[in-house]
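Bear in mind that the values here come from a model prediction, so they are computed numbers and not experimental data.
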Amino acid sequence: MADENDGGARCLVTGATGYIGGRLVPELLRAGHRVRCLARTPQKLRDHPWAGEVEIARGDVTDEETVAVAMRDVKIAYYLVHALGTGSGFERTDREAARIFGEQARAAGVERVVYLGGLGPVDVPEAELSPHLRSRAEVGRILLESGVPTTVLRAAVIIGSGSASFEMLRYLTERLPVMVTPSWVSTRIQPIAVRDVLRYLVGAARMPTGVNRTFDIGGPDIITYRLMMERYAQVAGLRKRLILPVPMLTPRLSSHWIGLVTPVPRSIARPLAESLKYEVVCHEHDIAEYVPDGPDRPFPFDTALKLALQRVREAKVTTRWSSAAVPGIPSDPLPTDPDWAGGSLYTDERELDVDAPRAALWRVVEGIGGDHGWYSFPLAWAVRGWLDRLIGGVGLRRGRRDAERLRVGDSLDFWRVEEIEPGKLLRLRAEMRLPGLAWLEMYAEDRGDGRSHYRQRAIFHPRGLLGHAYWWSVSPFHAIVFGGMARNIARAAGRTPSPVRAKAPVSG
């Protein structure tokens, strides 16, 4: 399919800020293709190691004009977005986006569309499927009927460091030696390693023009979720887990249970749990005719687990389920003018001199969150995280993708990195549930005498009367929370050793 004489096919990748898309881009580049990424917020791709090797087009799959521009001169178009967790209207959003994508691909003369969907049961009518699986099936059908040759790859549980499915499995097994579980732990599943998913996605670019169909993709093991947890415990070196299935734990209730125990928020846990009640196994392996399997491929489940765990332990997780923006969270940039026309801005500003060079101060700033914590009143941060999860927010347990380095777009507990100037500025935008918009800025400045200066600013743009009331209700605690943070960051900078940088990560 690709022209070997012109440096490979030009591929359009949507969802490049997400879990699969962020890993697919470097694989396509390694395969000799040229890549263009369509992103609503292009700056989120700025700090990826491959950013300088791709074209980046600003746009959204629901905007016909920007999709049309992004499709120009494209041969292969990857559709890797979905509206999971955006509310009751997500099926309509998915439907409209798929229609636009297919129509614009046909108009631009695209040679192939590739879509990664969900593996569903064959004996359940589409109308009776969970909304998540039903929408995935509908999107695949729309693209297949678009008039552009389309490859639809259907996968069940994807096992890879940072995937939502792997994080669910990991945290449930590690944190609960005794589990009262939903009945779906006895349902048969055919998981697949993320490396095999990427291999099939890349290989799909070279399929013959006449291929327009769905392919089931999975690993060699067909197992239950219960057995997956037991095998995880073995591979991770944990004691044997006691698992007690309880039939009355519905997908709705079990999504709350997952949300409390794992970093995966309820908005994502629920559709995943609803999908797990169906038996999802492959009924063909025709993909191997076009993308041949090598020795020991696809990877067995235990191998996929070992690879994923190795990446987690070596801090080489390239993308995570939380790489994509949280649905429904405002992405408004920080207003630069305090008298901004949008309304009042409340601020809490702290600054102090630090008895350490700027490089040491910056290492503490860039290392904040996750296992390092927030250097201030841990109980207050923990309570705020729990309250956020109780009302459907992301909470405080998303942690970090990398223990030392941050990049624009990274999730960081209940914040997201909006801007980073290495050695100088870290700006975080809040993604917890708030009656307004909030940011946290941290600056490291050089005093010129071997010491440094730390500046910190918390900013809140209230929404309505409730927003104003929220700010004034929490402001009495700012001296403890934000003042303590500034002092403890300064103190930590004085004893921070030089870091050892990890090598470039590999997908797993």
Between F477 and S473, the two heavy atoms sitting closest are CE1-O, 3.7 Å
Minimum heavy-atom separation for I189 and A156, please, with both atom names. CG2-CB, 4.2 Å
Drop me the distance from H33's NE2 to I76's CD1, to the nearest 0.5 angstrom. 7.0 Å
Taking R491's backbone N and O only, do any of them form a donor-acceptor pair with Y375's side chain (distance below 3.5 Å, no angle check)? no
Strictly distance-based, threshold 3.5 Å: is any side-chain N or O of R241 a donor or acceptor partner for the main-chain N or O of R239? yes
With a 4.5 Å limit on heavy-atom distance, are the side chains of I192 and I158 in contact? yes
Closer than 4.0 angstrom, basic N to acidic O: yes or no for E419 and R46? yes
Do you know the tightest heavy-atom contact between L45 and C37? CD1-CB, 3.8 Å
Is there a side-chain contact between R350 and R487 (heavy atoms, below 4.5 Å)? no
Evaluation steps, side-chain contact (heavy atoms from CB on, under 4.5 Å), between V312 and F166: CA-CA 11 Å; V312 171; F166 175 73; 4.0 Å; yes
To the nearest 0.5 Å, how far apart are CD in E279 and CD1 in I222? 8.0 Å
Test your reading of the model: is there a side-chain donor-acceptor pair from E27 to the backbone of R199, 3.5 Å cut-off? no
Has the side chain of H372 got a donor or acceptor atom that lies under 3.5 Å from a matching backbone atom of G367? yes
Do F215 and Y290 make the cut of ring centroids closer than 6.0 angstrom? yes
Determine whether Y78 and L116 make a side-chain contact, defined as any pair of heavy atoms from C-beta on separated by less than 4.5 Å. no
Distance (rounded to the nearest 0.5 Å) between L305 CG and R170 CZ: 12.0 Å
Measuring only between side-chain heavy atoms, which start at C-beta, is Y225 closer than 4.5 Å to L169? yes
Salt-bridge contact E441-R427 (side-chain N to carboxylate O under 4.0 Å): yes
Pair T187-Y278, side-chain contact (heavy atoms from CB on, under 4.5 Å): steps then yes or no: CA-CA 7 Å; T187 304; Y278 305 108; 5.6 Å; no
Among R405, R401, R400, R429, salt bridge (Lys or Arg N to Asp or Glu O under 4.0 Å) partner for D410: R401
Any residue meeting side chain to side chain donor-acceptor pair (under 3.5 Å) with W50, in chain and number order, not counting sequence neighbours: none
Whether F460 and Y470 hold their rings parallel, tilted or perpendicular, with breakpoints at 30° and 60°: tilted
Presence of salt bridge, D94 and R136, under 4.0 angstrom: no
Minimum side-chain heavy-atom gap M207-I287 below 4.5 Å: yes
Treating D293 as the side-chain partner and A288 as the backbone partner, does any N or O pair qualify as donor plus acceptor under 3.5 Å? no
Cationic N near anionic O, under 4.0 Å, R226 to E230: yes
Which heavy atom of M442 sits nearest a heavy atom of Y454, and at what distance? CG-OH, 3.0 Å
Whether T14 side chain and L80 backbone form a donor-acceptor pair below 3.5 Å: yes
Do L307 and R195 have side chains that approach each other closer than 4.5 Å (heavy atoms only, starting at C-beta)? yes
Check whether S376 reaches the backbone of V481 with its side chain - one donor and one acceptor, N or O, closer than 3.5 Å. yes
For Y79, the ring pair (Phe, Tyr, Trp, His ring centres under 6.0 Å) test, sequence neighbours excluded, returns F101, Y115
Spell out, as yes or no, whether a donor-acceptor pair under 3.5 Å connects the side chain of Q456 to the backbone of F482. yes
Just by distance, do the side chain of D413 and the backbone of W415 share a donor-acceptor pair under 3.5 Å? no
To the nearest 0.5 Å, how far apart are CZ in R407 and CD1 in I420? 11.0 Å
Do the non-hydrogen side-chain atoms of L238 and Y232 ever get within less than 4.5 Å of each other? yes
So, for V139 and A98, which heavy atoms are closest and what is the spacing to 0.1 Å? CG1-CB, 3.9 Å
Within a strict 4.5 Å, meaning less than it, do heavy atoms of the D196 and I217 side chains meet? no
Could you walk me through whether I489 and L361 satisfy the side-chain contact (heavy atoms from CB on, under 4.5 Å) test, starting with their C-alpha distance in whole Å, then the side-chain angles of each, then the deciding distance to 0.1 Å, before giving a yes or no? CA-CA 8 Å; I489 285 175; L361 173 59; 3.8 Å; yes
Testing the basics here: between M228 and I223, what is the closest heavy-atom pair and its distance to 0.1 Å? CG-CD1, 3.2 Å
To the nearest 0.5 angstrom, please state how far the CG atom of L28 sits from the CG atom of L198. 9.0 Å
Are the side chain of T17 and the backbone N or O of K44 linked by a donor-acceptor pair below 3.5 Å? no
In Å, rounded to the nearest 0.5 Å, how long is the span from CG of L153 to OH of Y200? 9.5 Å
